[in-house]
Amino acid sequence: MPEEISPEVLAFATEIGSSGLVTVAGGRTQWTVGGSPLEGVREVTAPSGIWAYEPEEMTVRCGAGTTLQELSAALSKYGQMVPFDLSPSATVGGALAVGRSGYRRLRYGHIRDFVLQVRHIDHKGQVVSAGGPTVKNVSGYDLCRLMVGSLGKLGCLAEVTLRCLPIPQTSKWLTGRQDPFDVFAKLYRPSAILWDGDQVWVCLEGVSSDVEAQSDLLDLEETAVPPRLPDRGRMSLAPKALKTFDRPSGNWVAEVGVGVVHMEQPNADPAISNINLSLMRELENRLDPGGRFNPGRKVLSE
Amino acid sequence: MQKSLQDNLFSDLQTLLGERARDGDFELGLYGKDGSVLEGRPSIVCLPQSTSEVQEIVKICRRYDTPFLARGSGTGLAGGAVPIGEPVIIATAKMNKILEVDLDNRIAWVEPGVLNLDLSNELLPLGFHFAPDPSSQQVCSIGGNVANNSGGPHCLAYGVTSAHIAALEVVLPDGQIAQFGDLTADGAGYDLRGLFVGSEGTMGITTRIAVRLTQNPPEVRTLLLDFADVRDGAAAVSAIIAAGLIPAALEMMDKRAIEIVEAFVNAGYPTEADAVLLVELDGLPGGVEYGVELVRSVATRHHVGNVRVAADEKERALLWKGRKNAFGAVARIKPDYYLHDTVVPRGKLVEVLEKVYRIADAHDLIAINVFHAGDGNLHPILAFDSSEKGVLERVHAAGRAIVTASIEAGGVLSGEHGIGLEKRDYMGMLFSAHDMATQDLVREAFDPDGFANPLKVLPTGSRCSDSFGQHVPDGAWV
């Protein structure tokens, strides 16, 4: 028999119900991504709390409304982390629904690759489980990945199970002026290389002898903190395109090796091909035919 | 299918492909099977060489109302490539070119028929590789890896296939060509790429794949640890991970596996041991050295016998040869085997292993265990002789009992082999009817009429479009 659904998730399903518009609020840290939520809509928040954490399995199950701060606090007691690198007041569900990885993606990969299992509430107010609770699983269609970056338009995230990682023994930021692509070519799996067109910041992690040896390859000075990332605009390029892209006006910081550019200057969403657009609209129509969820915010612009 | 329709379909495919469209008895028999013990029969086998040929085949199939099934190397173990409902097989073996290696973007564009190990060998001098490395990597195709979201020993540290696919060109079930994902960091809209990976050919056929390239580690160490008691070995697995170490690979073999493998490859595996762990650490030298010492001290606490550290690349390759040839070595004791694939929490490995032995005994079968212990991914092998009367029923019953035991221990149906035909009807053990109906809603968005690899992944009844269900051949064992 399928696993039992927790009472918190069932209560969230009841609250969402089977009719009426619903906006799901997380920590409101990326609240206007995809557009501002429609005003006057009934607002709900996903349940929070760490529900199962097994350090030796390196998996954690929590309510989607759990803040990253609470998650980090629980995991760090056992020397573990989920490297989301977002605002501590962001929620796990919100971070996944928006689907934007933090600055250490270069080493740890996209945040969607940390998701093992998701329970969401569908437009009928019913619980849907996808994925599986173990560190590795193939369990039918990968609805978990579909939910990441969906802005809650396909269902409301209620519970997630994530894979954790050990916190590296040493973590060090370096900064200075050096060609960022040269830095990228020299290093073995750096955690982050940030670049604002002038200055470069590098995050190295691991055992201290390796971190030292890697820093010695660079002509950079140690620094306490990474740069502030502008958050009014965001461009997503191929890693190579950073070498030649039209630099935006205002401050910007690029993730070298990844291709994300964090900008002051707001920008338009990238275009989607017509074939993909019709498949995506079909998914929206099938999973939320009445358009109940998060009106005002859009994954697909009109 | 009616004889005249079949003749016309074949003739149209022959006009397109010449001798690369085939309907001889030998081919139809060959493509009726994959790496599983299941068997079906296709109507025609096609060997396209380009995206446009795949597109034309799909369009022709649609004109004749005939389903189709994409096939890589046919090494899948869950019957995902076993033809049900007399489909046309679209085999990608002749689409085997590495199209572009783009080191600036750290990706390579490849055709789906490129073999997994061929790609990594090609990339070796450039300092990169493709991280997923299923045991069948010498013969399995990248397209098949995408279809099954394949794993392998090194997925413990590097993640399964989905994390290593940037973009896919896909011929959709209606014959349109789409690209899911791109080389940019975030892509646009919903993650169709993520949804497609692991969909076992039921959402279309991938014809070009952008795989992510992983840097080759500067340092690699491989250790072989032997234990007089399998329980100590399993406890050491949990303890190594709990100590905050994620080895590049952490594999386990039980006593019977050690004996069979040693007789086959002479790698110097300790045949007197009850279990061995093959541990690989990679990365920068300091981290690797730290890892080796940590593994040593944890293993000592768990009563390890010998710790053998491979002295050089030759010895390392030999140790891995034992692991990667374990399945072939089974032929030394029985002509056939049925390889299972379930995942349990690491902490439940011993409990489930003991159940596996009991289940095999109860069904008068031999169980051999060689598996990815680090991520709790069990691969019990049931060895048998298919000429023995009634043996398949026993294998089937034992298989079901193993899956049930794994799920009862908090595990899942499959770690990396997929659901296919083999586990399709087990999906209800893990998912509610509503969960499966939701999965089907999503699948149907891509293939409303159920033409692409019909009757796989979801049990009949949870799907709205089982139009080919009446064709389940007697020979198919589901």
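Naming: A, B, ... by sequence-line order, numbering from 1 per chain.
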Inset, instruction - Verify, without hydrogens or angle tests, whether A/Q126 (side chain) and B/H434 (backbone) share a donor-acceptor contact under 3.5 angstrom. - result: no

[X] portion near chain B, given a 4.5 angstrom heavy-atom threshold:
X: A/Q169; result: side chain
X: A/F181; result: neither
X: A/L116; result: neither
X: A/V207; result: side chain

Which bit of [X] comes within less than 4.5 Å of chain A, counting heavy atoms only: side chain, backbone, both or neither?
X: B/V160; answer: side chain
X: B/R106; answer: side chain
X: B/N148; answer: backbone
X: B/I177; answer: backbone
X: B/I241; answer: both
X: B/N216; answer: backbone
X: B/Y426; answer: neither
X: B/Q179; answer: backbone

Legend entry - Charged N-O contact under 4.0 Å between B/E416 and A/K136: yes

Legend entry - Test item: A/R189 and B/L284 side chains (from C-beta on) under 4.5 Å apart, heavy atoms: no

Inset, instruction - Answer with yes or no whether the side chains of A/Y141 and B/T202 bring together a donor and an acceptor at under 3.5 Å. - result: yes

Legend entry - Between B/N105 and A/K240, a side-chain donor and acceptor under 3.5 Å: no

Inset, instruction - Sort out for me which residue in A/R100, A/R105, A/R112 forms a salt bridge (Lys or Arg N to Asp or Glu O under 4.0 Å) with B/D186. - result: A/R105

Inset, instruction - Output the distance between atom CG (A/L165) and atom CD1 (B/I246), rounded to the nearest 0.5 Å. - result: 5.0 Å

Inset, instruction - Please round to the nearest 0.5 Å and tell me the distance separating atom CG of B/L183 and atom CG of A/L237. - result: 11.5 Å

Legend entry - Over-ring placement of A/R145 relative to B/F196, 6.0 Å and 45° cut-offs: no

Inset, instruction - Return the option, out of B/G374, B/G411, B/G189, B/G283, with the maximum number of heavy-atom pairs under 4.5 Å with chain A. - result: B/G189

